[in-house]
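Everything quoted here is computed from the prediction, not taken from an experiment.
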Amino acid sequence: MMIKTISIDVSGETNFDFLQDDEIIDDQIIRSFFTDEVMCQMRKQVKLMDKTDLIVMEYPYYDREYLSCVYKHGMKYANIDKRCLRVMFFSKHESVSIGVLSFPDDYKFLGFCTLFPVNSPYRLGRVSIDPSVLLNDKYSVISYPGKIHHLGYELTLDAFPCIKQLPYGLCCGHDSLWGILNYFPKFHDYAATRFAEVLDDPENTLSAADGISGKQMSAVLTRAGYLPVLRWMASGCYSYFDLIEELSTYVQSRIPVILLTNDGELNHAVLCVGYKTEKTISLMREYTPWCLPCQEIFVDGKPVLGAFTSALLNTLVVLDDSEFAYSELSISALNNVNKNNSYGKICGFVAPLYSKMKLNYVSAKQFALCYLREENANIEFFNQDCEIIDISIVIVSSNTYKEFVRKNLDTYQYADCVLAMELPKLVWLIQISDEYLGNKGMSSGVMLLDTTAFKAERDVYLALLGQKNAIFKDNGVPVCPDKAAARPVIYPKFQ
C-alpha cells in the first residue's frame, strides 16, 4: 500500500474543526480517526492551533508502541487493524518572507500525535509536542531530543513524549512508566522503548483491568536497574507537606515523578515532568512557619527561618493519558491544604533514582540543617542578620555542575578546588540564599553531599563553601584552602 499524505495550510484557522470537514479531508478512512472524543481533546489546544501554520498527515503509519501492544496483549485470532494515522504540526520560520514556501526547510517542527485504529472513540495514542508551544517561559519542563522520519526527511524535536491508554492491556500506570523509562538514555534504543519489553511482567501482575499499584510500579523500575522511591500518605509516615517537598526536589532535579492521586472514588497516575514558579522568597514572610516546609535554625541564640525552595512551587506540569499533552496540576503547600483539582488529591509518588544512591532526601536535608549551624561546621553560610533564608536542595550530575563552575570562573570562589575534586556520578547540591541574593539568582553558601554515603556516617559532605572560608574532602580528610576570602563572597546559583 502506498503512503498517503495530506498537507493542510491552517494559517487562517482558529480551531481544529476542519479535521471533520469532508471537503478538506476527502479520505473517509483518515477522517474517521477524528472522533468527537478526539476532537474534544484537540479543541482544548488553543495555543497549538494559534502557532500552527501547516498540518501534514501520514497514512498508514505503523507505530511501534501500538504494534507491540497488539502483539503482546491483543486477542490472538482477532483481525486487528495495525494502520495508524500520524498528524504533524509545523509553523513558519519568522525569517521566511511571503511567497512559495519549501517543505520542510521553511517550517519549524512543533511535534506530532498518532491516532490508533482501535475500536474505541478514544483514539489518541502517542503525543510529542515542543513544550514551548503550549507553555510560557515561567514553566520549567523536562525534555530531551528525539527525531522522526517522514518521506525521507529527518525531523528533530525537543519534548517529553507521552502515550495514552489502550484497550490492549494498558492503563495510566503503564503510560507513566513508559514515559519514565523512555526518558533515560539507557532505554533510548528502538527495541527497549516498546511496551512489550519495557513492561515485561514475569509474574503477570501488571493488569490493566484492575490498574497497577505504586509497589508494582516500583518493581518495574527495580527490574529496569533503578532505585525507586515510593512515598504514600496512607502509611501515616508522610504528610502532604513531606510529599510536596520531596517530589518537588526530584522534579527540580529533572527527574520525572509518577504522582498517585485519588478523587475519592478512583485512583489515577500522572507523570510529573515540570513545574511553574511564580513566588519569590520575600513572599514567604506572609506565611507563618507552621504552614511552610520550614526549619528554625539557631545561630548564636538567634532564630533564623530556613524555608525550602519546594515552598515556592504552586503548579506542577503533568502528562495525563486523558489529556492531549501538558496539563497543570495545582499544589497548595503555601495554604496548608491538599487542594482538589481535576486529578483529585496527591496521595503519593514514585520516583526513579540512580541505583548507587544511598543518601536519601530526608537524610540529606537533616545533614544540611546540621551544617548550617555554625558550631557544627565553623562556616558562615549566610548573613546572620537576615531573618529568613532559602534552602535549595537538588540532585545534580557532578560533571554538569563542574561545567557550570567552569562557565563562572570569574565569580565562583574556590572554583579551582571544586574542579579538581573527585566526585561521584551524582551529588546532593544545597544552595543557601537570603532574600536579596535569592531574587538576584545568587547564593551565599554551597554544600556538596555524597549521594553514595550512608546516613549512618558522621560526615557526608564533599565540600562546604561559606562566605569567608571553605572545607573540602581529600581522600576523606578535611582540607581548608590557604586562600581565605577577604570579605564575604557570593556564588552563582545553579538553576
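Contacts classified as ring-ring contact (aromatic ring centres under 6.0 Å, His included) and involving residues 1-30 (residues at least two apart or in different chains) are not found. Evaluation of the ring-ring contact (aromatic ring centres under 6.0 Å, His included) test over residues 28-58, restricted to residues two or more places apart or in two chains, returns F33-Y59.
Between the Q41 side chain and the S322 main chain, a donor and an acceptor come within less than 3.5 Å of each other.
Listed by chain and number, the residues in a salt bridge (Lys or Arg N to Asp or Glu O under 4.0 Å) with R406 amount to none (sequence neighbours excluded). Scanning for salt bridge (Lys or Arg N to Asp or Glu O under 4.0 Å) contacts around K402 gives an empty result, with sequence neighbours left out. Contacts of D63 classified as salt bridge (Lys or Arg N to Asp or Glu O under 4.0 Å), with partners at least two apart in sequence or in another chain: R126. In this view, F90 and F103, F109 satisfy the ring-ring contact (aromatic ring centres under 6.0 Å, His included) rule, not counting sequence neighbours.
Here Y139 and Y326 keep their ring centres 6.0 angstrom or further from each other.
Using cut-offs of 30° and 60° on the angle between ring planes, the pair W428 and Y361 is tilted.
Cation-pi contact between K425 and Y354: present, with separation from the ring centre below 6.0 Å and deviation from the ring axis of at most 45°. Relative to the ring axis of Y61, R86 places its NZ or CZ within 45° and under 6.0 Å from the centre.
Side-chain contact annotation: D130 with S132, donor-acceptor N/O pair under 3.5 Å present.
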